[in-house]
**Q** 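Take this structure first; my questions come after.
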Amino acid sequence: MNIAVFASGSGSNAQKIFERFEQHSHIKVALLVCNKPEAYVIDRAKNFGIPVLLVDKSSFSDENFLLPALKKHNIEFIVLAGFLWLIPAYLIKAYPNKMVNIHPALLPKYGGKGMHGAHVHNAVYENKEKESGISIHFVNEIYDSGEVIFQATCLVEGLQPEEIANEVLKLEHHHFPEVIEKLLSK
Ligand code: GAR
């Protein structure tokens, strides 16, 4: 089963996924799709010999560009790991229930457009939440609203936003590769 990872930033989650499936019996990360030419995740993919496809707004919205590229690499499943653009409808149709995203909060709280990274952790801090966590969900056409597959929580009472971010990232690194593996082994 060939999977594509979509990522826009540092790619620490992508790194964990690359590591998990590097020697896997039936799952292979066959492509990184990235929308930022300077993103560190590109270096990480290259270290694993994973091909990189760079997209811009116009190529990403063009199904005649992206679908053949995914097909060329036999991509059957897509993992969004810190990819911040809304996924176009044609891609969701092409991968029904075959695309998952990780969100750094307990959805449905702190989701939606603009809710990513530090924005999420700042909001959790401002609202004096006692706990936060991660949500892994299927992707549909509305930001962060597809069916939730997995959640894990951590205590964040009294923590600063950066500390909350660290706790949440630890959960992501621990659980995301495992949840993907379980989904793809059913
Ligand atoms: C992760 O915390 C992920 O949950 C978040 O971006 C970060 C990427 O970190 N995604 C979102 O906020 C999506 N709304 P990474 O580049 O180190 O993996």
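Note that ligands are numbered from 1 as they come in the structure, with each ligand's atoms numbered from 1 the same way. Since this is a predicted model, take the numbers as computed values, not measurements.
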**Q** Between Asn13, Leu80, Asp144, Leu107, which one has a non-hydrogen atom sitting closest to atom 9 (O) of ligand 1?
**A** Asn13

**Q** Out of Lys16, His116, His173, whose heavy atom sits nearest atom 12 (O) of ligand 1?
**A** His116

**Q** Verify the cluster assignment for Leu155 and Leu159: are they in a single hydrophobic cluster under the rule of side-chain heavy atoms below 4.5 Å apart?
**A** no

**Q** Please report the interatomic distance OG1(Thr153) to CD1(Ile134), rounded to the nearest 0.5 Å.
**A** 9.5 Å

**Q** Can you tell me which residue among Asn127, Asp144, Asn122 is in a side-chain hydrogen bond (donor to acceptor under 3.5 Å, both in side chains) with Tyr110?
**A** Asn127

**Q** Quick one: does Arg44's side chain have a donor or acceptor within less than 3.5 Å of a partner on Gly11's backbone?
**A** yes

**Q** Between ligand 1 and Gly11, can you find any atom pair, the residue atom being a heavy atom, that is separated by under 4.0 Å?
**A** yes

**Q** Of the protein's non-hydrogen atoms, which lies at the shortest distance from atom 6 (O) of ligand 1, and what is that distance?
**A** Gly82 CA, 3.6 Å

**Q** Considering non-hydrogen atoms of the protein only, which is the closest contact for atom 10 (N) of ligand 1, and what is the distance?
**A** Ile102 O, 3.7 Å

**Q** Indicate yes or no: does an N/O atom of Ala81 lie under 3.5 Å from an N/O atom of ligand 1?
**A** no

**Q** Report the member of Ala39, Ala7, Ser12, Ser135 with the shortest heavy-atom distance to atom 15 (P) of ligand 1.
**A** Ser12

**Q** Could you tell me whether Glu172 approaches ligand 1 through its side chain, its backbone, both or neither, with non-hydrogen atoms closer than 4.0 Å?
**A** side chain

**Q** Enumerate donor-acceptor pairs with a distance under 3.5 Å from any side-chain N or O in residues 168-178 to protein atoms, sequence neighbours excluded.
**A**
unit_1: Lys170; atom_1: NZ; unit_2: Glu167; atom_2: OE2; d: 3.1
unit_1: Glu172; atom_1: OE1; unit_2: Asn13; atom_2: ND2; d: 3.0
unit_1: His173; atom_1: NE2; unit_2: Ser12; atom_2: OG; d: 2.8

**Q** In chain order, what residues pass the salt bridge (Lys or Arg N to Asp or Glu O under 4.0 Å) check against Glu181, with sequence neighbours excluded?
**A** Arg20

**Q** What protein heavy atom sits nearest atom 11 (C) of ligand 1, and how far away is it?
**A** Pro104 CD, 3.6 Å

**Q** Does any N or O atom in Gly117 lie less than 3.5 angstrom from one in ligand 1, N or O only?
**A** yes

**Q** Please give me the minimum heavy-atom distance between Pro104 and Gly117, naming the atom from each residue.
**A** CG-N, 4.3 Å

**Q** Taking Val156's backbone N and O only, do any of them form a donor-acceptor pair with Glu131's side chain (distance below 3.5 Å, no angle check)?
**A** no

**Q** Does Gln15 come within less than 4.0 Å of ligand 1, judged by its heavy atoms?
**A** no

**Q** If the cut-off is 4.0 Å to any non-hydrogen atom of Met115, which atoms of ligand 1 fall inside it?
**A** 14 (N)

